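Structure first, then comments.
This one's a predicted model, so the numbers in the text were calculated from it and none came from an experiment. Worth knowing before you read on, the calculation uses all heavy atoms, side chains too, and leaves out hydrogens, waters and symmetry mates. Counting convention: from 1, in listed order, for ligands and their atoms alike.
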Amino acid sequence: MASFLLRHNRNLFACSLFGNKEHFRLYFQFRFQSLGAAANMVHSYSSSSGSIRNDFTDLTCPHSWYPKAREKHRRVILHVGPTNSGKTYHALKQLESSASGIYCGPLRLLAWEIAKRLNKVQVPCDLITGQEREEVDGANHKAVTVEMADVSADYQCAVIDEIQMIGCTTRGYSFTRALLGIAADELHLCGDPAAVPLIQEILKITGDEVEVQFYERLSPLIPLNVPLGSFSNIRNGDCIVAFSRKEIYSLKKRIEKEGNHLCSVVYGSLPPETRTRQFKVLLGLQASMFNDASSEFDVLVASDAIGMGLNLNISRIIFSSTKKFDGFEVRDLTVPEIKQIAGRAGRYGSNFPEGQVTCLDEDDLPLLHSSLNSPSPILERAGLLPTFDLMYMYSRLHPRYGFYQILVKCICLFVFPLSIASEKKIVTASYNEVAKHCIPLNFIFKSLNLKILRCLNILYYYIPKLHYSPFIFKYCRHIFLTMRNYLKIISLLIVINY
Ligand SMILES: Nc1ncnc2c1ncn2[C@@H]1O[C@H](COP(=O)(O)OP(=O)(O)OP(=O)(O)O)[C@@H](O)[C@H]1O
């Protein structure tokens with residue numbers, strides 16, 4: 001059903017740019033009628049045989065979307081503390097000793113690391129990410145990227161790592177889905193203490209039993225008072241963190257030329273084979289290629305993705321900048337982002353008993369220091385994305401709505417991150433209110449779709465500016481505003497199709 005829509009994305013886009021509003025609305029309505037065949041599939045949800053009867057069409061009760069998890073009385077253990085405090089280690093110990101289980105992490109590298117670790121201790125574990133599926137004979141355990149979490153299976157134990165990402169504007173919905181939907185007797189959540197009140201609030205609704213365990217950092221992390229200065233000061237075990245591929249390669253070139261070191265490079269969209277090769281060395285036995293005595297690679301240049309819980313042999317993190325382009329604008333890194341990235345230095349059990357952190361540029365040091373000394377702001381909202389099936393159920397409750405109206409309604413829920421405490425607000429939020437909160441819709445990790453979304457985001461961002469331009473004729477304004485609304489819808493379609 002979803003791929004059916006995808007095939008028409010190009011037409012939809014062209015239509016949104018050049019067609020009139022009525023045409024576009026009718027187009028959506030027509031498409032929606034032709035989706036009637038999906039009804040049978042949706043029925044299997046509404047006729048669940050368990051004792052609990054849920055209203056799947058109630059989009060304000062996302063916990064009811066996951067009947068299998070609701071049939072369980074889950075014991076939820078929140079492992080919280082600073083980076084490198086052993087939260088994941090303790091959760092994984094439980095996973096290891098369980099008869100069946102799933103690990104959900106934010107990164108393919110992490111899933112890779114955990115699968116490797118479990119298989120090594122004779123716990124057969126499958127690896128499932130958006131890009132690969134490696135099945136192991138007799139495996140009752142899975143290590144997956146959070147988007148791949150299976151909410152239809154039954155597990156004895158589950159771990160969701162970096163749970164603070166539930167508040168992430170782009171991927172938070174996957175963490176919410178895993179949190180609400182994984183049917184496990186024991187659910188371990190690892191992350192920042194800033195997520196505790198929100199998680200507790202969410203789990204009050206599910207009726208799960210919650211306990212919180214606090215941890216302390218296992219090895220010191222020292223913020224330096226001096227910047228790197230020159231590239232000749234680069235030393236073994238350094239990791240420079242940059243925020244674009246172009247910058248990563250330019251830094252690699254400079255370090256290799258001026259610093260006399262060989263650099264390995266890691267960033268999100270590295271070609272899969274290169275990445276796999278690098279990961280194998282980077283993650284192999286915790287001896288990364290840049291610290292392995294037998295390897296000539298002794299420095300790492302990485303994107304900020306390494307902040308999502310990776311264990312590497314890094315002695316010093318050097319921020320190339322404390323600003324990044326987030327798809328909309330160049331902004332300062334947030335406190336949690338700085339802490340997560342800095343926390344990669346001096347990992348417990350690595351070759352470096354203490355970690356250091358600094359910046360390339362002296363002007364960035366104040367933000368680095370203040371961020372490392374501040375608590376992360378308490379999370380208030382979790383991401384939420386209704387599934388296509390739910391939208392379909394919703395449409396059946398409102399038979400007079402066309403697909404266009406259904407999408408508009410669901411976009412409201414989708415771009416307005418869920419605050420369980422203020423659920424009602426979501427329902428009552430007007431379209432204009434929602435538009436204010438409309439955020440980059442980068443839910444897509446396949447490069448092609450990501451590129452399309454980036455273009456849409458940029459258009460979305462600039463259309464209001466054009467709208468206020470004195471050079472735009474009055475009649476064009478309407479077209480621009482209409483385009484803007486359709487861009488949101490197209491973004492949603494891409495997401496659904498993903
Ligand atoms: N009790 C322990 N014995 C041996 N190694 C440990 C122990 N606790 C933690 N470690 C090791 O210390 C490193 C950091 O631990 P872990 O990844 O669990 O920290 P974390 O708090 O989850 O970090 P982050 O929040 O940065 O992801 C890992 O390599 C882990 O294997």
Practice task
Look only at interatomic distance and state if Tyr348 has a nitrogen or oxygen under 3.5 Å from any nitrogen or oxygen of ligand 1.
Solution key: yes
Problem - Polar side chain donor-acceptor pair, Glu162 to Gln164, under 3.5 angstrom - result: yes
Handout entry: Charged N-O contact under 4.0 Å between Arg316 and Asp238
Key = yes
Practice task
Answer yes or no: does an N/O atom from Gly343 fall short of 3.5 Å to an N/O atom of ligand 1?
Solution key: no
Exercise for the section: Could you tell me if any non-hydrogen atom of Ser85 lies under 4.0 Å from any atom of ligand 1? Expected result: yes
Problem - Electrostatic pair Asp185-Arg75, nearest N-O below 4.0 angstrom - result: no
Handout entry: Heteroatom proximity flag, Thr83 to ligand 1, N/O under 3.5 Å
Key = no
Exercise for the section: Record the part of Lys87 in heavy-atom contact with ligand 1 below 4.0 Å; permitted values are side chain, backbone, both and neither. Expected result: both
Exercise for the section: List every atom of ligand 1 that sits less than 4.0 Å from any heavy atom of Leu218, numbering the atoms from 1 in the order shown and giving each element. Expected result: 8 (N), 9 (C)
Practice task
Could you note down all residue pairs passing salt bridge (Lys or Arg N to Asp or Glu O under 4.0 Å) where residues 216-228 supplies at least one of them, sequence neighbours left out?
Solution key: none
Exercise for the section: May I ask you to say whether Glu135 pairs ionically with Arg133, meaning some side-chain N is under 4.0 Å from a carboxylate O? Expected result: yes
Practice task
Please state whether Arg344 comes within less than 4.0 angstrom of ligand 1, counting heavy atoms only.
Solution key: yes
Problem - Distance-only N or O hit between ligand 1 and Tyr89, under 3.5 Å - result: yes
Problem - Any side-chain heavy-atom pair of Gln213 and Val80 under 4.5 Å - result: no
Exercise for the section: Return yes or no for this condition: an N or O of Asp161 is under 3.5 Å from an N or O of ligand 1. Expected result: no
Problem - Test item: Leu333 and Phe319 side chains (from C-beta on) under 4.5 Å apart, heavy atoms - result: yes
Practice task
For ligand 1, note which part of Gln340 has a heavy atom under 4.0 Å away: side chain, backbone, both or neither.
Solution key: neither
Exercise for the section: Ignoring hydrogens, just give me the one of Asn311, Leu310, Asn84, Thr88 whose non-hydrogen atom is nearest atom 28 (C) of ligand 1. Expected result: Asn311
Practice task
Determine whether the side chains of Ser315 and Gln356 contain a donor N or O and an acceptor N or O closer than 3.5 Å.
Solution key: no
